[in-house]
Amino acid sequence: MKNVEGYSKKVRTPGEKTGLGPGALVFVGKPRPEAVRVDVIHYDEGRLVELYDVSAEECANLVAQKGVTWINVTGIHDVELIGKLGKCLGLHPLTTEDVVNTAQRPKVEEFPDYIFIVLKMIYLGQRTDETDTEHLSLILGSNFVVLFQEKEGDVFDGVRERIRSAKGRIRSMGADYLAYALIDSVVDHYFLFVEHFGDVIEDLDDRIIEDPKPEDLALLHKIKQNIIKIRKVVWPLREEIRVLEKGESPLIRSDTRVFLRDVSDHIMQIVEMIETFRDLISGLHDLYLSNVSNRMNEIMKVLTLIATVFMPITFIAGIYGMNFEYMPELKWRWGYFAVLAVMLLVVLAMIGFFRKKKWL
Amino acid sequence: MKNVEGYSKKVRTPGEKTGLGPGALVFVGKPRPEAVRVDVIHYDEGRLVELYDVSAEECANLVAQKGVTWINVTGIHDVELIGKLGKCLGLHPLTTEDVVNTAQRPKVEEFPDYIFIVLKMIYLGQRTDETDTEHLSLILGSNFVVLFQEKEGDVFDGVRERIRSAKGRIRSMGADYLAYALIDSVVDHYFLFVEHFGDVIEDLDDRIIEDPKPEDLALLHKIKQNIIKIRKVVWPLREEIRVLEKGESPLIRSDTRVFLRDVSDHIMQIVEMIETFRDLISGLHDLYLSNVSNRMNEIMKVLTLIATVFMPITFIAGIYGMNFEYMPELKWRWGYFAVLAVMLLVVLAMIGFFRKKKWL
Amino acid sequence: MKNVEGYSKKVRTPGEKTGLGPGALVFVGKPRPEAVRVDVIHYDEGRLVELYDVSAEECANLVAQKGVTWINVTGIHDVELIGKLGKCLGLHPLTTEDVVNTAQRPKVEEFPDYIFIVLKMIYLGQRTDETDTEHLSLILGSNFVVLFQEKEGDVFDGVRERIRSAKGRIRSMGADYLAYALIDSVVDHYFLFVEHFGDVIEDLDDRIIEDPKPEDLALLHKIKQNIIKIRKVVWPLREEIRVLEKGESPLIRSDTRVFLRDVSDHIMQIVEMIETFRDLISGLHDLYLSNVSNRMNEIMKVLTLIATVFMPITFIAGIYGMNFEYMPELKWRWGYFAVLAVMLLVVLAMIGFFRKKKWL
Amino acid sequence: MKNVEGYSKKVRTPGEKTGLGPGALVFVGKPRPEAVRVDVIHYDEGRLVELYDVSAEECANLVAQKGVTWINVTGIHDVELIGKLGKCLGLHPLTTEDVVNTAQRPKVEEFPDYIFIVLKMIYLGQRTDETDTEHLSLILGSNFVVLFQEKEGDVFDGVRERIRSAKGRIRSMGADYLAYALIDSVVDHYFLFVEHFGDVIEDLDDRIIEDPKPEDLALLHKIKQNIIKIRKVVWPLREEIRVLEKGESPLIRSDTRVFLRDVSDHIMQIVEMIETFRDLISGLHDLYLSNVSNRMNEIMKVLTLIATVFMPITFIAGIYGMNFEYMPELKWRWGYFAVLAVMLLVVLAMIGFFRKKKWL
Amino acid sequence: MKNVEGYSKKVRTPGEKTGLGPGALVFVGKPRPEAVRVDVIHYDEGRLVELYDVSAEECANLVAQKGVTWINVTGIHDVELIGKLGKCLGLHPLTTEDVVNTAQRPKVEEFPDYIFIVLKMIYLGQRTDETDTEHLSLILGSNFVVLFQEKEGDVFDGVRERIRSAKGRIRSMGADYLAYALIDSVVDHYFLFVEHFGDVIEDLDDRIIEDPKPEDLALLHKIKQNIIKIRKVVWPLREEIRVLEKGESPLIRSDTRVFLRDVSDHIMQIVEMIETFRDLISGLHDLYLSNVSNRMNEIMKVLTLIATVFMPITFIAGIYGMNFEYMPELKWRWGYFAVLAVMLLVVLAMIGFFRKKKWL
């Protein structure tokens, strides 16, 4: 365990790596003050060892022994430690480069001795219309799994529990099943997330049908952006997990493939939900605009009604407000009432016209 | 038959399964108070046995005998019973997990001993603009079919009738033909559904061309959402049934494949209808907006006409309503009538201008 | 020939077949009062026999003889007759089911002994903005072609003429060439149809550029719906004829394949025209809306001009129409003319402002 | 050479061929008064013969000799001549049918003895926003190329020059290279055309950003239609030339394939430019509408400002224009000035409100 | 090194090459005054030679020796020099033609002796909303790389540094790795570029949500055009690099393929970012229009409110401004106040109406 001091707050972007050679270990992302921690769970059907703050060499030792070794690395901002661990476990420099690059997109890459899987964890941000993503890298070797997590706190306690209590088949299966279990936990967590947005969209739908407000539009825009974000995370996974499932890597045993098919199916379900959301959001946007346009229409009708009714009669009033010396009507006994009657007629005619045009 | 008591009303979502291991039997969906019921029809060309409220062990016994066994499970909220049945029939834990997961999307999965098919039944809801879906799972073994239904009431009475009366070829064919017949019934039922929306859209078309109303827009939005829902149910089926038809599973005999091609063709027809609906709805939405915009235009023209005609003449009347001591026109004998004539000229000029611009 | 009596006027839809087994012969479509008629042309290079009102058995006899037999069935609402004919010619129940189902989409299906082709004929309806479709089924056997037409009147007189006059190669070639000739006639007829809509769209284009009217929008909507209809008919054909052409069915000789490639090319041309129409229509719709919006803009400018010019000066007139006892200006000798001058200045200022804003 | 007399001006469409058999030679297009002319260039590495007004039989003779023969047919409205030429050279009737059908889309068809290529030449029309297309057909035999042109004037003078002057490799290569050179000339000419529209679009972009006018919209619409036209011509070529390049026809030697790959690449470039234009045009259309909408907004603001400022104060003036006998304010010494002050306050309040709303 | 004098400023376009034969060396692009310079770096694991202003023949000599030769050509407007170099290195005429054609799209072409790769460098223009592209061509032979750059200044100093300092594996690997390193530098540079636009879009998002301005729309339009430009540059690369990676060319060793996969992955990431930008921009455009429409709505409401409130009461004032001799109300003691009260009532009624309609 190593404490990273004097870290800079600036988030580093992939563009800043320009000019460096391939395999150059540069952390891309938001630096964190916590030290990087390496924990290990080593188990086989009968035995279980849990170690905390393990050194890279110890990891290599454990991996050399029989049984499955789960090396869990929390924090990826200490490139020195990651590099050393990578060397001990025989990882390709391009792999370790991607492990510390939080801008790396999800992918699956087969190397001769291991499979390298990049995933993204999605969390709801503090405000419900914001999302955080966490960069996860998974190395599946013949008898070990290395999991690199960007920050503290994860969704794998269920897996740990099942290993500890020897519940289910996890203890009797190999590293490939462990990798599956970890991927499955991540994908399952996506559901929570996607369902949350499903609820928000449903609420919006009701609100927009009843009484569309400008705030709804801004919220719709926010959701749209979040959906784009999630899509970017889930979409590549879809093809990649399918490759794992159908692939011929000897690292994945055939009875684990059935489980990978299940994960693949879950991802498809999430992809479909996201696509449905896109359709729904686009529909809601159209509905919002149409509703606003309808209201505008209604307002315009009222304005036109008022204007067309009052302008003519105000004009008539104006006529008899003129100060000409010779205006015969002004002298008539019933002139005033006649004019009032004429005005009434004009109003009725206008309303009749409106009725005919179905504007009223 | 087992009565499920004290069930919770809350609908469970897939997200709530997060953290549980694979194959964990958790019912996802709206719990129901009725007990789960297992009925069996066992038949071959000469014989027919119908049994009600059969236990899991009896099912396994029947399956072991010669002839085709149709195990029909009504209700999937009793995970214990489903799990036991799954074990007796040798189903993979992932299969039983999907059977009780009503959020599972339609799919076809081949296992060594059976084919697992997930379908969705669609019903019209109480209001004609709402739809209900029912989760159906179909297990096709070498000589048995297990059909899991989410609730009471189904569309398979025609199939039962044909089995009982030995009408058509159903009694002389295997379990694969029975599976086909069940899938075919579900797909046929989609037609009813899709035709209903076709009628609704046609009605809307007439209404929107003649006299678009805001309610039509809301209805259009509802239909759109329903179409999205149906599409989600039918679209995956399309590829999956084609896989069954073209596939090499020994569980499906070649003379049944011709029938599967027919189902596949029906699904394509429904898919095309749905795509056509999407086009029509999008066209109707455009038409609605254009019509509303046309009306707005017409209203604006009237408003402009009235304003441009009356503003100038009201101004003239205002001029001669001023109280200046020295205003020579006021003293003129024919001043009043001259002003009226000028006003008339202004009105005519305005109308002429409008005519020229083709606004009138 | 059999007269169908007491037929119901109601158009039957595929949804009404729900619950019936596969292969159930149910007529789907608009029933017709005329009797179904079976005519036969039997020919080889030297011989030609034309028979009218032939029974199913006679058909089977003719087919058994050397030479090509063209069985032409006019009307498909007599399911009994169709069923009998199907049995005599050895058709699969699913084939005859599709023959009498006018809702069946275009498709090509290979059976061991024959190829089943479903086509749609398109006619212009009574109003030029309406289209009728006719369900055509074509069975291509080794030495016979059965053509099922929904109603009287067809586009195959050219083919008949060529057979009778032994013009071109038709008499010297097999049943596959006859099938090609019939399909070719149908596809050629599509051109007439598509060209008609091309002309209508071109007319509309001119009208909308010059002077867009609400009626144009309704017409555009109608054309769009018709294009969707035609597309649904032509689109599946595209892939299917290509399958025929590239396929390995022994029923189609290699020198006929060159001709099928030609049909396939024609269909592609129609598909491209339809796609172009979609683009043009969408462009016209945009143009219509933009033009309407431009006009609205122009109208608004006039309204604003009038309002902004007359409101201030009317206000000034209103000021001096007040009846205050002490209003010094009223007493001034040139007060009236000064006010008129001020009003003129205001008008000029307003017009200047409009000029600067380029609104005038 | 044959003079076609008494030709009809009517443009014939493919639909008019309905009912005629396949291979029927009917000219589709705009008839022309000029006679059809057949010119021949016959060459090998050492020799060059140029002949004008050659008969069909002479052509066949030349083709039978060693060396490459380029038969250039100007005008395709004399179906008799074309038919005779086709027979002499052994062309399939469907080929000659397509040669004289100017509505035929671009395609490449392999026949046992030759490859048939249909291209379209695009010319700028008289007005810069109009385009003309010319139907070109190319027959590539083992040692000859037949080029059918719809009208006088072409873009192949560069090729003729290179043959005459024995520049480059053209004289030392076969008929396939000649065909390539001709196709390349056509495709190169597309660039001129596409670049012209690129310039027009760029101009429009500047104009629309600065000051959008309704004429710009009409021009945009015209360009869009032209782009659709070009796309229709270029798009099918893309796949077809690729087929030629990757194909296995013995008529195309491997060292010519490198050149075809180059043409294929040019076509891709044009296709990409067209797609970019579509994006740009759609962007410009959006920008136009948004700008118009912005202006409308600005105009509405002015209107609203004027109306909301003057309506209240005009009303106040109206109040004191009333002729009630008892209106105490009218008698006040400073009443008039007080009212003017109130009006000023109202105006200031209104302007303040506008400022706050950021409308001013 | 050759100085190009009297060069024309006119940018040449591909269309100007029309009529020239294939392989004609014509520079397409903006001519530059600087002379074209050829520099060479020749190295193997132990040795490093750097030469400046090398002649074509010297290049060929160096290539013939053991070790990797990197020939770097700055400036491609001297077609004579390029042509000579091409001949010395055995390049196909079509390759040199593409090298000097700056309009050439990115592509990868395999020739028997070398692989030809066209890339585009993207730079930010002087104004941050403008982009420049530079045409780069890369020839990968068995032991040499030729890099043609359009202008001075590049992004390859990192690669040069690594070669000079023998850092990383570059000195111990072949020409294929050098080619990879150069491509990688270009692709890495894209990140800088894409991230810049990402920031601009994010800024715009904030501004448009808060207070949309017409300038934002113009900027959005500019960004959109830039994104289209970048997309055109990156999109074809995607497929091409994948072809290199998966291809079977013996020029690329298997340990370099892992690195190409990495580049391929980076390109995918950029492509995804661009697609995301397109979505975001389209979303922003919608948001802008919706916000503008919302504001318009608000303004219309105010206008309508003012008009509907003041028109009726102004009319009432107008009534009592008439000069009829017999108007009883004028004589009433409280007439004036009664009228004022009526006006107040009208105003309240109007406001109530607005409240009910939720417009206020």
Side-chain angles (χ1 to χ4, degrees), chain A residues 155 157-159 162 167-170 180-181 184-185 188-189 191-196 205 209 258-259 261-262 265-266 268-269 272 276 279-280 283-284 286-287 289-291 293-294 296-297 300-301 303-304 307-308 311-312 314-315 318-319 321-328 353 357-359, chain B residues 13-24 92 94 97-98 103-105 107 109 111 211 214 217-218 221 224-225 228-229 232 236 285 288-289 292-293 295-296 298-300 302-303 306-307 309-311 313-314 317-323 327 329-336 339-340:
Chain A
V155 296
D157 283 336
V159 180
R162 269 182 284 145
K167 215 167 76 184
R169 78 204 70 198
I170 197 160
Y180 149 72
D184 190 46
S185 298
D188 271 2
H189 198 84
F191 275 108
L192 272 183
F193 197 78
V194 171
E195 283 166 11
H196 165 76
D205 190 295
I209 286 181
V258 180
F259 290 94
R261 183 169 68 179
D262 195 54
D265 182 55
H266 287 174
M268 268 313 294
Q269 193 161 343
E272 280 180 10
T276 303
D279 276 356
L280 290 177
L284 275 180
D286 287 355
L287 187 69
L289 290 182
S290 311
N291 270 355
S293 159
N294 272 333
M296 182 81 125
N297 218 5
M300 288 302 294
K301 273 188 206 164
L303 176 59
T304 304
T308 50
M311 276 190 165
T314 302
F315 164 68
I319 290 279
M322 291 193 295
N323 298 320
F324 285 99
E325 291 202 343
Y326 184 68
M327 284 178 70
F353 172 77
K357 288 272 181 184
K358 288 194 183 161
W359 292 344
Chain B
T13 62
E16 294 179 43
K17 283 173 65 183
T18 307
L20 296 174
H92 195 281
L94 289 174
E97 189 188 351
D98 286 342
Q104 176 60 47
R105 59 188 283 274
K107 68 173 174 183
E109 274 184 356
F111 285 85
D211 179 21
L217 196 69
H221 181 66
K224 210 181 200 164
Q225 285 184 322
I228 291 173
K229 231 178 183 175
K232 232 171 118 181
H285 195 261
Y288 178 89
L289 290 182
V292 162
S293 160
R295 302 214 146 199
M296 182 81 125
E298 219 183 320
I299 291 176
M300 287 303 294
V302 169
L303 175 60
I306 295 288
V309 161
F310 282 99
M311 275 190 166
I313 57 181
T314 302
I319 290 280
Y320 295 103
M322 292 193 295
N323 298 320
M327 283 177 71
E329 299 95 320
L330 295 182
K331 310 265 158 24
W332 298 350
R333 182 67 180 91
W334 301 106
Y336 173 49
V339 161
L340 286 187

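Proteins come first, then strands; the chains are lettered A, B, ... in the order of their sequence lines, and each starts at number 1.
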Contact origin within [X] toward chain B - heavy atom pairs under 4.5 Å:
| X | value |
| --- | --- |
| A:Phe193 | neither |
| A:Glu195 | side chain |
| A:Leu289 | neither |
| A:Val258 | both |
| A:Ile319 | both |
| A:Ala181 | neither |

Intermediate values then yes/no, side-chain contact (heavy atoms from CB on, under 4.5 Å), B:Tyr336 and B:Leu330: CA-CA 8 Å; B:Tyr336 173 49; B:Leu330 295 182; over 6 Å; no

Max heavy-atom pair count under 4.5 Å with chain B, selected residue of A:Thr314, A:Asp184, A:Asp286: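 Answer, by heavy-atom pair count under 4.5 Å with chain B: A:Asp286.
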
A:Ser290 and B:His285, any side-chain heavy atoms less than 4.5 Å apart: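 Side-chain contact under 4.5 Å: yes.
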
Plane angle bin for A:His266 and A:Phe191 - parallel if under 30°, tilted between 30 and 60°, otherwise perpendicular: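 A:Phe191 vs A:His266 ring planes: perpendicular.
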
Audit row: B:Tyr288, A:Asn294, side-chain contact (heavy atoms from CB on, under 4.5 Å) steps and yes/no: CA-CA 10 Å; B:Tyr288 178 89; A:Asn294 272 333; 3.0 Å; yes

Criterion side-chain contact (heavy atoms from CB on, under 4.5 Å) on B:Tyr320 and A:Asn323, from CA distance to verdict: CA-CA 6 Å; B:Tyr320 295 103; A:Asn323 298 320; over 6 Å; no

CA sep, side-chain torsions, deciding dist, call: A:Met311, B:Met311, side-chain contact (heavy atoms from CB on, under 4.5 Å): CA-CA 8 Å; A:Met311 276 190 165; B:Met311 275 190 166; 3.7 Å; yes

